[in-house]
Amino acid sequence: MLNQIVIVGRLVRDPELRESVGSINAVILMSYLETCFKEKGQGFYKFLEPCNHMAYQEGSSWIEALHMTITEFRTAFRHIGVVYKSKKEYNLSRDKFQGKMYLSYYDRLSKLTYYMRNDDLVDRVLDEVEDKKTVENTEVIKAELVEDRKAVVETRNQE
């Protein structure tokens, strides 16, 4: 299995992002959400599971696309998003994202669930993960340089 996930052109190793979001399924969902936002823009709709709605396209629901159960999807989304049971509940909320990276709300008139992205928070989390990776890579490179220097000194001492 690949140990990296592409998130909007960025390579992010699973462990760092998993630590930030709380579960590997949330990382997988986040990766897929980011792809959807890149392709469809803010406020896209998506079905949880196959249904008879006229807008539904076979194979495009969350559980079909991610190969997760409904419970796995909902649990993963709770790690990274807030769920509103109606558009009215969403509209009445003062703090739409409640500190989460994403939100969803169900529009009862259209019978569609819409997804929104907290741009500032998502970008900040991804930047922090990237920065952490950079620091870790720098520390590895420094350690390798120290080892290389020790090897050169030992070689010279032996000569």
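Listed for the H53 side chain is a donor-acceptor partner under 3.5 Å among the backbone atoms of S110. Judged by distance alone, with hydrogens and angles left aside, the side-chain atoms of K96 form a donor-acceptor pair with the main-chain N or O of Y90 at under 3.5 Å. In this structure, the side chain of N118 engages the main chain of K100 through a donor-acceptor pair within 3.5 Å. Side chain of K46 to main chain of S60: a donor-acceptor pair is present (N/O by atom type, distance under 3.5 Å, no hydrogens or angles).
Residues H79 and N25 form no side-chain contact, since every pair of their non-hydrogen atoms from C-beta on lies 4.5 Å or further apart. Proximity of M101 to L33: side-chain heavy atoms (C-beta onward) are nowhere separated by under 4.5 Å. Residues L66 and E72 have side chains not in contact (no heavy-atom distance under 4.5 Å, counting atoms from C-beta outward). L29 places a side-chain heavy atom less than 4.5 Å from the side chain of I80. Annotation: side chain of Y115 is not in contact with side chain of C36 (no heavy-atom distance under 4.5 Å). Here the side chains of L103 and Q98 are not in contact, with every heavy-atom distance at 4.5 Å or above. At a threshold of 4.5 Å between non-hydrogen side-chain atoms, the residues L126 and M30 count as touching.
Minimum heavy-atom separation, Y84 to S93: OH-OG, 2.9 Å. Here the closest heavy-atom approach between residue Y45 and residue A55 is recorded as OH-CB, 3.5 Å. Of all the heavy atoms in I24 and R18, the pair that sits closest is N-NE, 3.7 Å. Pairing each heavy atom of G99 with each of L121, the nearest pair is O-CD2, 3.3 Å.
Hydrophobic clustering, with ILVMFWY side chains joined whenever heavy atoms are under 4.5 angstrom apart, groups F97 together with Y105. Both Y32 and I70 are assigned to one and the same hydrophobic cluster, defined by single-linkage of ILVMFWY side chains at heavy-atom distances under 4.5 Å. Both V21 and V83 are part of a single hydrophobic cluster, where members link through side-chain heavy atoms under 4.5 Å apart. By the criterion of side-chain heavy atoms lying less than 4.5 angstrom apart, applied directly or through intervening Ile, Leu, Val, Met, Phe, Trp or Tyr residues, V82 is grouped together with L112 in one hydrophobic cluster. Linking ILVMFWY residues whenever their side-chain heavy atoms come closer than 4.5 Å, directly or via other members, leaves V125 and M116 in distinct clusters.
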Side chain to side chain donor-acceptor pair (under 3.5 Å) assessment of E49 paired with Y56: CA-CA 9 Å; E49 60 185 328; Y56 168 73; over 6 Å; no
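Look at D123 and R117 and you find a salt bridge, because one of the NZ, NE, NH1 or NH2 atoms lies within 4.0 Å of a carboxylate O, short of that distance.
In this structure, F77 and Y102 have tilted ring planes: the angle between them lies in the 30° to 60° band.
Surrounding CD of E58 are at most 12 heavy atoms belonging to other residues, nucleotides or ligands under 6.0 Å away.
For the atom pair CD1 of I63 and CZ of F73, the computed distance is 10.0 Å after rounding to the nearest 0.5 Å.
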